[in-house]
Amino acid sequence: MSTEQNVQIVKDFFAAMGSADKQGLLALVAEDVEWIIPGKDWPLAGTHRGHAGLAKVLQKASAEVETTYPEPPEFVAQGDRVLVIGVATGKIKATNRAFKDNWVFAITVQNGKVTKIREYIDTQALARASQMETSAQP
């Protein structure tokens, strides 16, 4: 597929995520898709595999995080790789703490399907927003 076609697939992927179009999203990703979200101490970190893993992380994201994207992301592509560069703001629902996350998604598209997603995110900002308050012990 052409670089332009790969960018369109990734744009369609983001649009399907944004509109919660589960069937449309699954149609755009390979059955063995791998999504790596770095970090620890926050709800979405980990490696998520396959359609079931994708559905689980998106459901968890909906339940645990409120996110907005104040400006459209930038798409940069070469061959089968599409980088999506953007910023997100929001809050972790469990702590009610806000965050600002500058992020890059490195997405691989093969045979018309998203096969690999690797997020590069501000893990420290998200971990801080996810930390529960601890009260001082007497």
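All values derive from a computational prediction rather than experimental measurement.
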For a side-chain contact (heavy atoms from CB on, under 4.5 Å) check, start with the C-alpha distance between Phe75 and Ile85, then their side-chain angles and the critical distance, and finish with the verdict. CA-CA 7 Å; Phe75 296 85; Ile85 305 159; over 6 Å; no
Distance-only donor-acceptor hits, side chain of residues 102-114, under 3.5 Å, sequence neighbours excluded:
residue : atom : partner : partner atom : Å
Lys113  : NZ   : Ala27   : O            : 2.6

CD1/Ile36 to CD1/Ile117 distance, rounded to the nearest 0.5 angstrom?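 Ile36 CD1 to Ile117 CD1: 10.0 Å, rounded to 0.5 Å.
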CZ-CH2 distance between Arg49 and Trp35, expressed to the nearest 0.5 angstrom: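 Reported to 0.5 Å precision, the distance equals 14.5 Å.
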Could you pull out all residues at least two apart from Lys116 that satisfy salt bridge (Lys or Arg N to Asp or Glu O under 4.0 Å)?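 Salt bridge (Lys or Arg N to Asp or Glu O under 4.0 Å) list for Lys116, sorted by chain: Glu34.
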Find out whether the Lys NZ or Arg CZ of Arg118 is both under 6.0 angstrom from the six-membered ring centre of Tyr120 and within 45° of the ring's axis.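 Judged by the rule (NZ or CZ under 6.0 Å from the ring centre, within 45° of its axis), Arg118 counts as positioned above Tyr120.
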Please lay out, stage by stage, how Val29 and His51 fare under the test side-chain contact (heavy atoms from CB on, under 4.5 Å). CA-CA 8 Å; Val29 300; His51 282 187; 3.5 Å; yes
Hey, does [Y] have a side-chain heavy atom less than 4.5 Å from the side chain of [X]?
X	Y	result
Gln131	Thr95	no
Ile37	His48	yes
Leu44	Val65	yes
Ser130	Arg97	no
Val76	Val82	no
Met17	Leu58	yes
Thr115	Val33	no

Suppose the criterion is side chain to side chain donor-acceptor pair (under 3.5 Å): which pairs have a residue in residues 5-16, not counting sequence neighbours?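 For residues 5-16: Ser2-Gln5, Gln8-Asp12.
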Residue pairs involving residues 63-74 (criterion side chain to side chain donor-acceptor pair (under 3.5 Å); sequence neighbours excluded):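 Pairs touching residues 63-74 that pass the test: Thr68-Thr89.
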Pairs touching residues 75-93 that satisfy salt bridge (charged side-chain N to carboxylate O under 4.0 Å, His left out), sequence neighbours left out: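 As it turns out, there is no salt bridge (charged side-chain N to carboxylate O under 4.0 Å, His left out) pair with a partner in residues 75-93 once direct neighbours are skipped.
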Suppose we screen for side-chain contact (heavy atoms from CB on, under 4.5 Å). Which residues come up paired with Ala125, at least two apart in sequence or across chains?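 Applying side-chain contact (heavy atoms from CB on, under 4.5 Å) to Ala125 gives Asp122, Arg128.
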Begin from the C-alpha positions of Asp101 and Val87 and carry the test side-chain contact (heavy atoms from CB on, under 4.5 Å) through to its verdict. CA-CA 6 Å; Asp101 174 28; Val87 63; over 6 Å; no
At their closest point, which heavy atom of Ala16 faces which heavy atom of Leu28, and how far apart are they?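 For Ala16 and Leu28, the tightest heavy-atom pair comes out as CB-CD1, 4.5 Å.
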Nearest heavy-atom neighbours spanning Ala98 and Ala129: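 Closest approach of Ala98 to Ala129, heavy atoms only: O-CB, 3.7 Å.
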Does Val10 form a side-chain contact (heavy atoms from CB on, under 4.5 Å) with Val7? I'd like the steps, not just the answer. CA-CA 5 Å; Val10 171; Val7 169; 5.8 Å; no
